[in-house]
Asks: 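Quick one: the structure is below, questions incoming.
These numbers were taken from a predicted model, which means no experiment stands behind them. Computed from heavy atoms alone, side chains included, the values below leave out hydrogens, waters and symmetry copies.
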Amino acid sequence: MKSIFLRGLSYVGVAVTLAACGSSPTPRYYTLLAPQQAAPASTGNASYMIEVLPVTVPSQVDQPQIMLRTGAGTVAPLYSDRWTGALPDELRSALSDGLTRELGVLDVQVVRPAAGAPVWRVQTDVQRFDMNDGGPAVLDATWRARPLNAQGRGLVCRTVVSVPVEGAAVTGLVTAQQQAAQLLARTIASAVRSGGQDAQPASEQVRVSGCTQLADGAR
């Protein structure tokens, strides 16, 4: 009798699960590329190109679903709200978009440079990518920019961007993270412009700390 009862429960569970799947809402997809960034980047008279390396993110947020921080130590996956692509790819694309626009240059992933061409290489490691219930959106990253076949010094800094959330819950959070990625890109761009001498916060929402010049030849 006991085994029959357990089998009955399992059948009911499967039926409920299938019913729930059949009634699941259509997923909504989001990107970190802001709408106003849709037009092609313009190229200026810069004598170099940039190379934006793949971005690393914490495993907790490297999920197809948007991960919403709901309190101290609690995170909830929003199964109906998802990223268009893998989060590291979304961030790399957003940073590349912001840097190419800010500096008026091309990314080597778009146009292959000639051998020995001057390139500024940008590497970004994200420590926190928080989408907090009620805001703010926080992007905390350590990044380095260094020249290859170009004048200047490599620079490594930590940057924390905190953007208030406006508008509807998920849409507002995504918009805030779009802005955070653009502010981070503008901050990194300031380091490239200075030849690796320093980095200037792109706005009052940005904090830059721990900047260190890299030794010649450091990776």
Asks: Looking only at heavy atoms, what is the nearest atom pair of Gln182 and Asp97, with distance?
Replies: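 In this case the closest contact between Gln182 and Asp97 is NE2-OD2, 4.1 Å.
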Asks: With the 4.5 Å side-chain cut-off for hydrophobic clustering, are Val165 and Val170 part of the same group?
Replies: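 Hydrophobic grouping puts Val165 with Val170.
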Asks: Do Leu53 and Leu95 land in one hydrophobic cluster if side-chain heavy atoms of ILVMFWY residues count as linked below 4.5 Å?
Replies: no
Asks: To the nearest 0.5 Å, how far apart are CD in Glu51 and CZ in Arg146?
Replies: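 So the gap between those two atoms works out to 9.0 Å.
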Asks: Between the main-chain N or O of Leu32 and the side-chain N or O of Glu90, is there a donor-acceptor pair closer than 3.5 Å?
Replies: yes
Asks: Looking only at heavy atoms, which two atoms of Asp62 and Pro88 are closest? And how far apart?
Replies: OD1-CD, 3.3 Å
Asks: Does the side chain of Arg121 come within less than 4.5 Å of Arg144's, by heavy atoms?
Replies: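 Result no, sub-4.5 Å side-chain heavy-atom pair not found.
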Asks: Taking side chain to side chain contact (heavy atoms under 4.5 Å, CB included) as the criterion, tell me which of Asp130, Val138, Asn132 meets it with Ser162.
Replies: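 Going through the options one by one, the only one that passes is Val138.
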Asks: Roughly how far apart are Asp198 CG and Arg193 CZ, rounded to 0.5 Å?
Replies: 12.0 Å
Asks: Kindly compute the distance separating OH (Tyr79) from CD (Gln63), expressed to the nearest 0.5 Å.
Replies: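 Between Tyr79 OH and Gln63 CD, I get 9.0 Å after rounding to 0.5 Å.
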Asks: Measure the CG-CG distance between Leu184 and Leu91 for me, rounded to the nearest 0.5 Å.
Replies: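 CG of Leu91 is found 8.5 Å from CG of Leu184.
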Asks: Looking at OH of Tyr30 and CH2 of Trp83, how far apart are the two atoms once the value is rounded to the nearest 0.5 Å?
Replies: 9.5 Å
Asks: Could you go through residues 105-113 and list every donor-acceptor pair under 3.5 Å that involves a side-chain atom there, pairing it with any protein atom two or more places apart or in another chain?
Replies:
{"residue": "Asp107", "atom": "OD1", "partner": "Gln109", "partner atom": "N", "Å": "3.0"}
{"residue": "Asp107", "atom": "OD2", "partner": "Arg92", "partner atom": "NH1", "Å": "3.1"}
{"residue": "Asp107", "atom": "OD2", "partner": "Ser96", "partner atom": "OG", "Å": "2.7"}

Asks: Can you tell me how far the CE atom of Met131 sits from the CD atom of Gln177, to the nearest 0.5 Å?
Replies: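 With rounding to 0.5 Å, CE (Met131) is 5.5 Å from CD (Gln177).
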Asks: For the residue pair Ser93 and Leu33, what are the closest heavy atoms and their distance?
Replies: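 What the structure gives for the nearest pair is O-CD2, 3.8 Å.
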Asks: Any idea which heavy atoms bring Ala199 and Thr187 closest together, and the distance?
Replies: CB-O, 4.1 Å
Asks: Group every Ile, Leu, Val, Met, Phe, Trp and Tyr by side-chain heavy-atom contacts under 4.5 Å, then state whether Leu68 and Val61 land in the same group.
Replies: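 The answer is yes; both residues are in one hydrophobic cluster.
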Asks: Take Gln60 and Val75 through the test side chain to side chain contact (heavy atoms under 4.5 Å, CB included) and record every step on the way to the result.
Replies: CA-CA 9 Å; Gln60 298 91 333; Val75 179; over 6 Å; no
Asks: Do any pairs count as a salt bridge (charged side-chain N to carboxylate O under 4.0 Å, His left out) and have a residue in residues 174-192, sequence neighbours left out, and if so which ones?
Replies: none
Asks: Heavy atoms only: give me the nearest Val122-Ala145 pair and the separation to one decimal.
Replies: CG2-CB, 4.4 Å
Asks: Out of Thr159, Thr124, Asp125, which residue meets the side chain to side chain donor-acceptor pair (under 3.5 Å) rule with Trp143?
Replies: Thr159
Asks: Output, in order, the C-alpha distance, side-chain angles, deciding distance and verdict of side chain to side chain contact (heavy atoms under 4.5 Å, CB included) for Val192 and Tyr48.
Replies: CA-CA 10 Å; Val192 175; Tyr48 59 89; 3.7 Å; yes
Asks: Give me the atom names and distance for the closest heavy-atom approach of Ser47 to Pro118.
Replies: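 For Ser47 versus Pro118, the nearest heavy atoms are O-CG, 2.9 Å.
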Asks: Look at the side chain of Arg153 and the backbone N and O of Gly195, then say whether any donor-acceptor pair between them is shorter than 3.5 Å.
Replies: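 Flag not set: sc Arg153 to bb Gly195 has no pair under 3.5 Å.
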Asks: Go through the side-chain N and O atoms of Thr142 and Gln127 and say whether any donor and acceptor fall under 3.5 Å apart.
Replies: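 Looking only at side-chain atoms, Gln127 and Thr142 do form a donor-acceptor pair, the distance falling under 3.5 Å.
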Asks: Does anything in residues 158-169 form a salt bridge (charged side-chain N to carboxylate O under 4.0 Å, His left out)? List the pairs, not counting sequence neighbours.
Replies: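 Listed by first then second residue: Asp140-Arg158.
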